[in-house]
Amino acid sequence: MAALSKSIPHNCYEIGHTWHPSCRVSFLQITGGALEESLKIYAPLYLIAAILRKRKLDYYLHKLLPEILQSASFLTANGALYMASFCILRRGLLTIYMANLVLLFCITAAMYMFFFRCKDGLKGFTFSALRFIVGKEEIPTHSFSPEAAYAKVEQKREQHEEKPRRMNMIGLVRKFVDSICKHGPRHRCCKHYEDNCISYCIKGFIRMFSVGYLIQCCLRIPSAFRHLFTQPSRLLSLFYNKENFQLGAFLGSFVSIYKGTSCFLRWIRNLDDELHAIIAGFLAGISMMFYKSTTISMYLASKLVETMYFKGIEAGKVPYFPHADTIIYSISTAICFQAAVMEVQTLRPSYWKFLLRLTKGKFAVMNRKVLDVFGTGASKHFQDFIPRLDPRYTTVTPELPTEFS
């Protein structure tokens, strides 16, 4: 058990910012590096989101840059203020261990899809995002009746048949796809009127696999073009990269499993029920196996808690606490950062790499050997690291690196 009641005589330079004795300089270096990495993350993210949402020119001129800077400053503050607090307080919070990633995502997906199917369950961007992912066919209420939908389908089919079709390769492929989509079983409760249940699932997979693949390609463009002249062969990795296919498989399988399970339950129970979304969403969460992301899982779980909290407030079941979401986020961040200092081995490698990227590697050069007295194994993965400290700024005579001893 960690002996957290013990104390050590070392100052923040000897433990935290071992690369420079000045707290102010170290803080500025961390802030600059975190801001640079934050802009690299959020600039392409917001730009891609704006393109997908078909924003008008006014958004690009007046809103895009402020939103990027707002999010970048938020992420920058996470890295920079932690180091500032470390220098001021020189003590952190206890650590907790992460829950099972896939199980957490399954539960989160189940609840999200249930709220999505319920009337007024989700609003705003969350509802729009899920509608884009799984399609409006899975929304229980529509502005058109089944009879009107059938009429529209028949009208399109008649118009399509009236036009002379050239039997070239494109025509043959189109005819093959039409034969798959228009012939086959479809339950009367299913609202995908133009497709049968099988092609409905296949189309969902292909569509979202393509979206995931393109998103990952776009995120890799800055890194690929950076080596355009020095290593031209790296441009091929822009299209043939494992991560591209992993994100595509994740999104595609999530949609196809959800749609397939929903159709199956409609066939079995002979009705369309919002409760189907819980089972379908839970099974669709298994798709996280293709793209294991702590960031996605934890973010969606935290937003789900926030959504349920505000729904409880609207129903008068839960009291309102001002700035509760900010307080919860602050505590969670503090716990994760404490683990990054005292027990790096408890963090997922991807999150540890993210912290190193955010701080330009500064998190790895903390003097964790002096923290072993607390019994957390802080230096377990840093046995060979001994910081080069200036004795003029230390309270304890520093240990010399091996080459100087």
Side-chain angles (χ1 to χ4, degrees), residues 1-34 36-37 40 78-98 101 223 227 231 242-243 292 294-295 333-405:
M1 181 179 289
L4 293 170
S5 60
K6 294 185 179 181
S7 61
I8 52 179
H10 303 78
N11 59 32
C12 56
Y13 166 52
E14 298 170 80
I15 301 175
H17 46 90
T18 60
W19 62 91
H20 199 285
S22 172
C23 297
R24 185 180 296 105
V25 173
S26 300
F27 171 75
L28 293 176
Q29 290 176 342
I30 288 289
T31 303
E36 179 184 344
E37 292 300 322
K40 290 180 181 179
N78 276 264
L81 294 182
Y82 180 79
M83 182 54 65
S85 301
F86 188 87
C87 293
I88 295 171
L89 303 175
R90 303 181 189 177
R91 186 179 179 92
L93 299 177
L94 298 178
T95 185
I96 58 172
Y97 292 94
M98 301 290 186
L101 184 64
S223 175
H227 304 279
Q231 295 176 293
K242 183 180 179 181
E243 293 182 359
K292 296 180 180 179
T294 304
T295 304
T333 303
I335 292 173
C336 291
F337 273 58
Q338 168 68 8
V341 176
M342 301 297 294
E343 294 182 276
V344 177
Q345 61 272 18
T346 65
L347 292 179
R348 288 186 62 86
S350 58
Y351 187 69
W352 172 241
K353 290 180 181 178
F354 171 73
L355 290 179
L356 290 180
R357 177 184 174 187
L358 186 65
T359 60
K360 294 292 185 179
K362 297 295 192 300
F363 236 132
V365 294
M366 299 182 72
N367 191 6
R368 290 175 170 81
K369 283 194 174 182
V370 300
L371 300 176
D372 285 339
V373 66
F374 295 115
T376 61
S379 68
K380 182 177 180 180
H381 298 301
F382 307 90
Q383 293 293 330
D384 299 329
F385 174 73
I386 300 176
R388 299 170 181 267
L389 302 174
D390 191 336
R392 295 176 298 173
Y393 301 98
T394 62
T395 57
V396 178
T397 303
E399 180 182 358
L400 292 176
T402 307
E403 59 268 28
F404 296 111
S405 59

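Keep in mind that the numbers below use all heavy atoms, side chains included, and drop hydrogens, waters and symmetry copies. Residues: numbered from 1 along the sequence shown.
Applying the side chain to side chain donor-acceptor pair (under 3.5 Å) criterion to Q345, with sequence neighbours excluded, gives no partner residue. Scanning for side-chain contact (heavy atoms from CB on, under 4.5 Å) contacts around A378 gives R368, L371, D372, T376, with sequence neighbours left out. Not counting sequence neighbours, the partners of R392 by the salt bridge (Lys or Arg N to Asp or Glu O under 4.0 Å) test are D390. The side chain to side chain donor-acceptor pair (under 3.5 Å) test applied to Q29 returns W19, not counting sequence neighbours. The side chain to side chain donor-acceptor pair (under 3.5 Å) search around K369 returns none, not counting sequence neighbours.
Looking at I30, V341, V344 one by one, the single match for side chain to side chain contact (heavy atoms under 4.5 Å, CB included) with F363 turns out to be V341.
Here the straight-line distance linking atom CG of N367 with atom CD1 of I386 works out to 9.0 Å at 0.5 Å rounding. Here the CE atom belonging to M366 is positioned 9.5 Å from the OG1 atom belonging to T359, to the nearest 0.5 angstrom. Atom-to-atom distance recorded for C23:SG and L28:CG is 11.0 Å, nearest 0.5 angstrom.
Judged by distance alone, the side chain of S22 and the main-chain N or O of V25 form a donor-acceptor pair under 3.5 Å. At least one donor-acceptor pair closer than 3.5 Å links the side chain of T346 to the backbone N or O of E343.
Nearest heavy atom pair, residue W352 against residue A340, reads CZ3-O, 3.8 Å. Between K360 and G33, the closest heavy-atom pair is CG-CA, 3.6 Å. Contact detail for C336 and Y351: the closest heavy-atom pair is CB-OH, 3.7 Å.
Note on residues 15-25: no pairs pass salt bridge (Lys or Arg N to Asp or Glu O under 4.0 Å), not counting sequence neighbours.
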| field | Derivation and outcome, side-chain contact (heavy atoms from CB on, under 4.5 Å), residues L355 and F337 | value | CA-CA 9 Å; L355 290 179; F337 273 58; 3.9 Å; yes
